[in-house]
Amino acid sequence: MDAWIYDAVRTPRGKARPDGALAANKPQELVGALVDALEARGCDPRASQAMVLGCVGQIGDQGANIALVSKLHSGVAEDAYAFTLNNYCVSGLTAIGHAATMAAGGAIDRALAGGVEMMSRVPFMGDNAGYYTDASFPKRSRYIPVVVAADRLAQAEGVSREELDAVALVSQVRTGLAEANRALVASRIAVGAAASEECARPQTTAQSLAAMPPAFAPLAADYAEALEGPIDHRHTIAHAPPVCDGAGLALVGGAPTGERKARARILAYAESGGDPQASLLAGFSAMDKALARARLTLADMDRIEFMEAFAVTIAKFLRDRPADPAKVNVGGGHLAKGHPMGATGAILLSSLLDALDDADGRLGLVVATGAAGVGAAMVVERLA
């Protein structure tokens, strides 16, 4: 794939509440801070020909085409076009993949792509979409809140409570350690006083995890007809990524020329749909497609960022796939840091590039997965 990543940056994540670390900012201000950061790091982001952003809650402060609003706020070139997309929790990676495809095809020279989500301003399911409650769909295609789908998947896949606890603890521990490793947070850009991951819970222990009760049975009761049977609820609050605010942004373009240097080349990109009843497995399918297109395997990867879309997904990945756990989510993951939905894929890509730099690695993989069967994956080659 003839597309390159010139840089990729991200904000810290702030709690989705009025006094959260990022809550005083507007969504376009988070994006603007990242545009400024790209410029300060030696890129020319305002000369981009497009701005493509993922955002799930496209109402209120995130309405009116937040990509266009962010472009205008950030002073990106007037003739750059801008649009916002919603591909659920993989939106940020979809936006980057779309920009990369345009660059590879010669339609653009460079684009800003990523995502933003401020759940302190627009809550989960805040758009009140009709689909969420539409009983006219076949039962297997009806909307099921992703927290309930995670419990159903854990039951179907035989992922135990102990396995969920184990991956949650690793996520918290690694997140804490990453704060002392400047390389792993080199592309994380402070916004005002927000300079670290506000959602992380460094006091987490195996004992505290084991003591927490399953949290999502009451929500499942509202969807009993679509669920078609009881669920053995296993996920606790600690097994769910915290709702939060955040943004990620990459400068993507064609081949480097002259003094323009890139951090990485995109070797392959893939999207996938999946079984809406299983809900959270399409990321696995996208991963398989991307690796096949790159003619590589998990064993070839020096670092992997696999979205912790509830503990069941990362537990299943580590159990079922031949990946070295020491190379996966080395700086912690969503279970500790949080999940700003439309921004997640872009944040993961930025984290991957930092992890590759830290390891002096060459090949990396990012995988994002979302509700109702959506998934995306990208394979990159770091350029030394």
Side-chain angles (χ1 to χ4, degrees), residues 1-5 8 89-90 92-94 96-97 100-101 104 153 157-159 163 166-167 170-171 174 183-184 250 252 262-275 278 280-335 344-370 373-384:
M1 188 175 192
D2 292 325
W4 279 257
I5 302 166
C89 302
V90 310
L93 194 57
T94 296
I96 294 171
T101 300
L153 182 62
E157 293 287 336
V159 177
E163 290 174 286
V167 294
V170 169
S171 187
R174 289 184 175 178
L184 288 177
V252 179
R263 286 183 72 181
R265 182 181 180 184
I266 300 173
L267 299 182
Y269 174 70
E271 295 267 355
S272 183
D275 179 356
L280 288 165
L281 295 182
F284 289 82
S285 300
M287 175 183 70
D288 292 339
K289 290 180 180 180
L291 287 169
R293 290 173 184 174
R295 299 182 180 181
L296 295 166
T297 68
L298 285 172
D300 295 316
M301 298 298 109
D302 295 305
R303 288 292 181 265
I304 298 169
E305 286 291 323
F306 192 97
M307 177 182 164
E308 294 174 358
F310 295 87
V312 63
T313 55
I314 184 65
K316 175 177 168 57
F317 172 70
L318 293 172
R319 184 191 69 183
D320 296 351
R321 299 302 182 105
D324 181 352
K327 297 180 178 181
V328 180
N329 298 354
V330 296
H334 271 40
L335 294 178
T344 277
I347 288 173
L348 290 175
L349 179 62
S350 174
S351 301
L352 176 64
L353 296 185
D354 282 350
L356 285 170
D357 286 345
D358 177 59
D360 195 23
R362 185 171 73 90
L363 296 174
L365 169 70
V366 57
V367 181
T369 194
V374 298
M378 183 176 286
V379 180
V380 303
E381 178 183 21
R382 171 179 170 261
L383 304 177

Requested in this report: Give the minimum heavy-atom separation between Leu348 and Val367, together with the two atoms involved.
Outcome: CD1-O, 3.9 Å
Query raised in the report: Sequence neighbours excluded, which residues qualify as side chain to side chain contact (heavy atoms under 4.5 Å, CB included) partners of Ser285?
Result: Ser272
Query - Contact summary for Ala100 and Val252, nearest pair of heavy atoms - result: CA-CG1, 3.7 Å
Report summary line: When rounded to the nearest 0.5 Å, the distance separating CZ of Arg382 from CG of Leu363 is 11.0 Å
Query - Met378 side chain reached by Val366 side chain, heavy atoms, under 4.5 Å - result: yes
Query - Arg362 CZ to Met301 CE distance, which is reported to the nearest 0.5 Å - result: 8.5 Å
Report summary line: To the nearest 0.5 Å, atom CD1 of Ile266 lies from atom CD1 of Ile96 at 7.5 Å
Report task. Could you name each residue pair satisfying ring pair (Phe, Tyr, Trp, His ring centres under 6.0 Å) that touches residues 289-310, not counting sequence neighbours? Result -> Phe284-Phe306, Phe306-Phe317
Query - Residues which pass side chain to side chain contact (heavy atoms under 4.5 Å, CB included) with Val159, listed by chain and number, not counting sequence neighbours - result: Ala154, Glu157, Glu163, Leu164, Val312, Ala315, Arg319
**Report entry** Whether Thr101 side chain and Gly97 backbone form a donor-acceptor pair below 3.5 Å
**Finding:** yes
Requested in this report: For Ser350, check side-chain hydrogen bond (donor to acceptor under 3.5 Å, both in side chains) against everything at least two apart and list the hits.
Outcome: Arg10
Query raised in the report: Any side-chain heavy atom of Pro325 within less than 4.5 Å of one from Leu318?
Result: yes
Query raised in the report: Which pair of non-hydrogen atoms, one from Gly274 and one from Ala282, has the smallest distance, and what is that distance?
Result: N-CB, 4.0 Å
Query - Nearest heavy-atom neighbours spanning Thr369 and Ala309 - result: CG2-CB, 3.7 Å
Requested in this report: Under the side-chain hydrogen bond (donor to acceptor under 3.5 Å, both in side chains) rule, collect the residues that match up with Arg265, sequence neighbours excluded.
Outcome: Asp2
Query raised in the report: Taking all non-hydrogen atoms of both residues, which atom of Ala264 and which atom of Leu383 are closest, and how far apart?
Result: CA-CG, 4.0 Å
Query - Full working for side-chain contact (heavy atoms from CB on, under 4.5 Å) between Leu356 and Val380 - result: CA-CA 10 Å; Leu356 285 170; Val380 303; 4.0 Å; yes
Report task. Take Met287 and Leu365, measure what side-chain contact (heavy atoms from CB on, under 4.5 Å) needs, and give me the verdict at the end. Result -> CA-CA 8 Å; Met287 175 183 70; Leu365 169 70; 3.8 Å; yes
**Report entry** pair Val328-Asp324: side-chain heavy atoms closer than 4.5 Å
**Finding:** no
Report summary line: Heavy-atom closest pair (Ala376 atom, Thr94 atom, distance to 0.1 Å) is CB-OG1, 4.5 Å
Query raised in the report: Can you find a heavy atom in the side chain of Leu298 that is under 4.5 Å from one in the side chain of Leu291?
Result: yes
Query raised in the report: Please, which pairs that meet salt bridge (Lys or Arg N to Asp or Glu O under 4.0 Å) have at least one residue in residues 287-312, sequence neighbours excluded?
Result: Asp288-Arg321
Query raised in the report: Just how far is it from atom CD1 of Ile5 to atom CG of Leu349, taken to the nearest 0.5 Å?
Result: 4.5 Å
Report task. Drop me the distance from Lys316's NZ to Leu281's CG, to the nearest 0.5 angstrom. Result -> 6.0 Å
Requested in this report: Calculate, to the nearest 0.5 Å, the distance between atoms CG and CG belonging to Asp357 and Leu352 respectively.
Outcome: 9.5 Å
Query - Min side-chain heavy-atom separation Arg263-Asp354 under 4.5 Å - result: yes
